[in-house]
Protein chains: 2
Amino acid sequence: MKLVAVDIRQAASAADIVYDALRKAIIEGDLAEGENLRQDQIAQMFNTSRIPVREALSRLEQHGLITTERYKGAVVAGLSIEEIDEIFEFRALVEAEVMRLAVPNLDQDTLAEARRHCAQFALETGSARWGEINRSFHYSLYAASKRPYYLQIVRTSLDRIDRYLRAQLTLTNGVIRANREHEAILAACLQGDAELASRLTRDHVLDAGRSLVAFLKDQRT
Amino acid sequence: MKLVAVDIRQAASAADIVYDALRKAIIEGDLAEGENLRQDQIAQMFNTSRIPVREALSRLEQHGLITTERYKGAVVAGLSIEEIDEIFEFRALVEAEVMRLAVPNLDQDTLAEARRHCAQFALETGSARWGEINRSFHYSLYAASKRPYYLQIVRTSLDRIDRYLRAQLTLTNGVIRANREHEAILAACLQGDAELASRLTRDHVLDAGRSLVAFLKDQRT
DNA sequence: GATAGGAATATTGGATCCAATATACAATAT
DNA sequence: ATATTGTATATTGGATCCAATATTCCTATC
């Protein structure tokens, strides 16, 4: 018997599909902050009932991507400047540590992959994919840390501010700076200098945060 | 008109109540790891239908407290030694930073409250409340950091291992050591020495982790 | 014209019902 | 006796229905 076995346990439920789609839409900024999420409307869009939608919304709320009020419904969560600042500060702490832990485990394949993402980031001109490639670059390195719990935290904290990060990359000249910093991080990794890579990662995140906060402070006046 | 105004928006839904109860039961170890969670059974216990139960289970899964498999149901999540180790390492990183950020903001009232919790921890003989008082002690100090996002992360990571931490406190002589360490942290806070308080917090968490891992390695052979 | 009150509508939360899947167990064949 | 198949039961996921609450809009009153 020759057939490719798939693990059927991971078949996605309707709630999973709705959750993934909404998460993506929020992260990428397709759903604006403050926008109402009507259960009925979403259910119709996915050709399903409200039950899986409610489950998806409940999950999104747990991750802070939406806020809900009883009998009033869900809206895409917004963040204050202070909250954004805090999340960037937190990310700097955790991602710097993850980078430090990753460096000793980096092998040639991983480094090659990271270099690919880095190059791709520099080449990409459309804003749509910067956020995604940026993630891929960092994740490819972080994965070597072999710290699944840390990575999950990194993912959820990135989720919260990704929308703003994309705006920052696009609207300021963040891409040029980000690319320069990516190359520096990659160079440190190639040299096996964990401390340097960690410090550069920390600065990279804090830089982006500062730039974003400045941008938003200007915009929100 | 004289009455205490309550914000009715935060009235708990059935799903909230079920979620809180299950979370508490898992954290406190009343539900053993691997135990099945039948929707129908839980619904009957709370005099409700399965809908709110399903929502509660979905939320618990997002926080890693249970694992579910499609059409098979939910079980209380267990952690491997490696996972426990990783979470303690992570907590050490984050809680040390939170402590560092908290010290400059500590005022007399907060310190008095922390001292109360610390004393209460030393006096308590029954194992049941150690976990709770331990949390209260640390949270009372952490709150001064004014970093709600960090605190939420600390809470969820503590949730994951609280069950094991309680076992460690109870079954080894962890309480004596923990209490000594609490007093040292408190002293550092009173002196306003953020670096010291941070380092002691880090060691406190790592100590507990090492002790727990040693205990579990022995037990799980 | 502005405002308070109330009916009509929309929306959410929860209960019940049905379909899909898993599990337990009996029946049958080897 | 053991393994395999089929069937009954249990359980979950999703759809539909009902109740509780919020929102809208209309009307009456000043």
Side-chain angles (χ1 to χ4, degrees), chain A residues 1 3 5-23 25-26 31-78, chain B residues 1 5-23 25-26 31-77:
Chain A
M1 195 172 61
L3 52 83
V6 246
D7 190 348
I8 208 160
R9 284 177 304 181
Q10 38 184 298
S13 66
D16 293 334
I17 293 167
V18 175
Y19 172 78
D20 288 341
L22 288 177
R23 170 178 169 271
I26 293 172
L31 288 170
E33 119 180 18
E35 194 162 341
N36 275 60
L37 300 171
R38 295 286 161 221
Q39 296 176 2
D40 228 338
Q41 184 191 344
I42 297 167
Q44 280 176 23
M45 281 164 47
F46 287 85
N47 275 315
T48 179
S49 76
R50 281 166 47 227
I51 296 289
V53 175
R54 276 154 64 173
E55 202 178 308
L57 291 175
S58 175
R59 290 188 209 171
L60 290 167
E61 190 186 14
Q62 295 302 303
H63 290 300
L65 294 177
I66 64 172
T67 59
T68 68
E69 227 172 287
R70 206 161 137 80
Y71 294 115
K72 283 193 184 169
V75 297
V76 178
Chain B
M1 197 170 63
V6 204
D7 190 348
I8 209 158
R9 284 177 304 181
Q10 36 184 300
S13 68
D16 292 336
I17 292 167
V18 175
Y19 172 78
D20 288 341
L22 289 176
R23 171 178 168 271
I26 293 173
L31 289 170
E33 117 179 19
E35 193 161 342
N36 276 61
L37 299 172
R38 296 286 161 220
Q39 296 176 3
D40 230 338
Q41 185 191 343
I42 296 168
Q44 280 176 23
M45 282 166 46
F46 287 84
N47 276 314
T48 180
S49 76
R50 282 167 44 227
I51 297 289
V53 174
R54 276 153 65 173
E55 203 180 306
L57 292 175
S58 174
R59 291 188 208 170
L60 290 167
E61 189 185 15
Q62 295 302 303
H63 289 300
L65 294 177
I66 65 172
T67 59
T68 68
E69 227 171 285
R70 207 161 135 80
Y71 294 113
K72 284 192 183 169
V75 297
V76 178

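Keep in mind that the numbers below use all heavy atoms, side chains included, and drop hydrogens, waters and symmetry copies.
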Start with the C-alpha distance between A:Arg59 and A:Asp16, add both sets of side-chain angles, then the distance that settles salt bridge (charged side-chain N to carboxylate O under 4.0 Å, His left out), and finish with yes or no.
CA-CA 10 Å; A:Arg59 290 188 209 171; A:Asp16 293 334; 2.8 Å; yes

Heavy-atom closest contact (B:Ala32 atom, B:Val76 atom, distance)
O-CB, 3.4 Å

Can you give one letter per nucleotide of nucleotides 5-15 of chain D, going 5' to 3': B for a protein heavy atom under 4.0 Å from the base, S for sugar-phosphate only, - for none?
------SBBBB

Between B:Ile42 and B:Leu37, the two heavy atoms sitting closest are CD1-CB, 3.9 Å

For B:Ala15 and B:Ala56, the nearest pair of non-hydrogen atoms, with its separation, is O-CB, 3.8 Å

State, yes or no, whether a side-chain contact exists between B:Leu22 and B:Leu57 at a heavy-atom distance under 4.5 Å.
yes

